[in-house]
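Source: prediction; values computed, not measured.
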Amino acid sequence: MVIKVFLASSSGSTAIKKKQQDVVGFLEALKIDYAQLDIASNEDNRAWMRENVPGEKKPTNGIPLPPQIFNEEMYCGDYDTFFDAKEDNTVYEFLGLTPPPGSKEAQQAENSQKLQNGSVTEEHPDDDTTKIELKEAEQNGDAHTAELEEDEESKNAETDAQDENEEEEEPAEEEEESRKPAEEEEQEEAEGDKVEDNHLVSEAEDELVSEEEEELRELEED
């Protein structure tokens, strides 16, 4: 397979020249075999390029600008798609080529394949190692579930103990509240008795004074 790069050797556009040099220089750096096909001096090359660029890749005026890249008859893309592939390290895929061993693109493809194989292994755990790992995971899960149940039971026990303490505290508070009126009543009765005693003492003193006055009056009369 030969990579074909359609160029315009006598283009007056600096941007087009720079893009062409970028594509050619990168292909040479990767040591990829390619063929330059000039559309400026060869009418057949220009006609073939315009005819084989897909319609959705052509600009609004219908005339694609160089550089345009093909792998034999297969269209690869223009400069913009080539640049994106270069940035993503997928130039070989862009060109329809197999990346050489040791290249970044080959390593990426290998890693991607490993990830896919890993996903398949997880979906179909047929080997003993995977079964053991799954069994250990289930055991760990059961142990974790048991720990959660124990924690739940201990929490329930603590809640029940708190409820019992609250129930014990409530009668004590009720008893204390019922005791307060009784103590107040006793205190009021004691104060009433004290007032009555004071009244009796006062009456006794009054009577004693009256008796003394009576005796004095009798002595004076005698």
Side-chain angles (χ1 to χ4, degrees), residues 1-138 140-141:
M1 293 183 292
V2 177
I3 302 301
K4 299 177 181 179
V5 181
F6 288 84
L7 308 172
S9 58
S10 60
S11 174
S13 171
T14 304
I16 290 178
K17 288 181 179 179
K18 185 177 181 304
K19 291 177 180 179
Q20 293 175 163
Q21 291 173 357
D22 191 10
V23 172
V24 171
F26 196 77
L27 294 177
E28 290 179 352
L30 293 180
K31 297 180 180 180
I32 295 175
D33 293 334
Y34 70 97
Q36 296 188 37
L37 301 175
D38 189 7
I39 64 172
S41 60
N42 190 313
E43 181 65 27
D44 293 339
N45 290 339
R46 181 166 61 251
W48 191 95
M49 182 195 76
R50 292 179 178 179
E51 182 180 350
N52 288 276
V53 171
E56 66 273 12
K57 300 296 182 179
K58 293 179 180 180
T60 55
N61 61 6
I63 302 176
L65 298 175
Q68 297 292 334
I69 306 167
F70 289 80
N71 183 339
E72 294 291 350
E73 310 297 323
M74 181 186 71
Y75 180 70
C76 297
D78 57 7
Y79 175 79
D80 291 335
T81 51
F82 170 81
F83 180 82
D84 291 339
K86 184 174 68 171
E87 291 295 310
D88 296 336
N89 289 323
T90 57
V91 172
Y92 287 96
E93 180 181 354
F94 166 78
L95 297 174
L97 302 175
T98 302
S103 64
K104 290 183 179 180
E105 192 168 341
Q107 292 175 358
Q108 288 180 352
E110 183 178 354
N111 293 335
S112 177
Q113 187 67 28
K114 286 181 180 179
L115 290 175
Q116 291 178 359
N117 292 337
S119 301
V120 172
T121 302
E122 290 177 0
E123 293 175 358
H124 305 284
D126 295 331
D127 60 318
D128 295 337
T129 303
T130 306
K131 290 180 180 179
I132 292 173
E133 290 176 353
L134 291 174
K135 187 175 181 180
E136 290 178 353
E138 290 176 356
N140 293 335

Is it the case that over 12 heavy atoms from other parts of the model lie below 6.0 angstrom from the CG atom of Asp33?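 No.
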Lys104 NZ: over 12 foreign heavy atoms closer than 6.0 Å: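 No, not enclosed.
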Any side-chain to backbone donor/acceptor pair from [X] onto [Y]? Under 3.5 Å, distance only.
X: Asn42; Y: Asp38; value: no
X: Asp78; Y: Thr81; value: yes
X: Gln20; Y: Pro66; value: no

State, with a plain yes or no, whether a side-chain heavy atom of Tyr92 is found less than 4.5 Å away from one of Leu30.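 Yes, at least one pair of side-chain atoms sits under 4.5 Å.
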Can you classify the ring geometry of Tyr75 versus Phe70 as parallel (below 30°), tilted (30 to 60°) or perpendicular (above 60°)?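 Judged by the thresholds at 30° and 60°, the geometry between Tyr75 and Phe70 is perpendicular.
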Met49 versus Pro64, closest heavy-atom pair with distance: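 Taking every non-hydrogen atom into account, CE-O, 3.5 Å.
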Between Asp88 and Gln108, which heavy-atom pair has the shortest distance, and what is it?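 Here Asp88 and Gln108 meet closest at O-OE1, 3.7 Å.
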Roughly how far apart are Ile63 CD1 and Lys58 NZ, rounded to 0.5 Å?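 One finds 9.5 Å between CD1 of Ile63 and NZ of Lys58.
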Pairwise distance OG(Ser13) to NZ(Lys18) - rounded to 0.5 angstrom: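 Here the rounded value is 11.5 Å.
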Please list, chain by chain and in numerical order, all residues satisfying salt bridge (charged side-chain N to carboxylate O under 4.0 Å, His left out) with Asp84, sequence neighbours excluded.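 Scan of Asp84 (salt bridge (charged side-chain N to carboxylate O under 4.0 Å, His left out), adjacent residues dropped) gives none.
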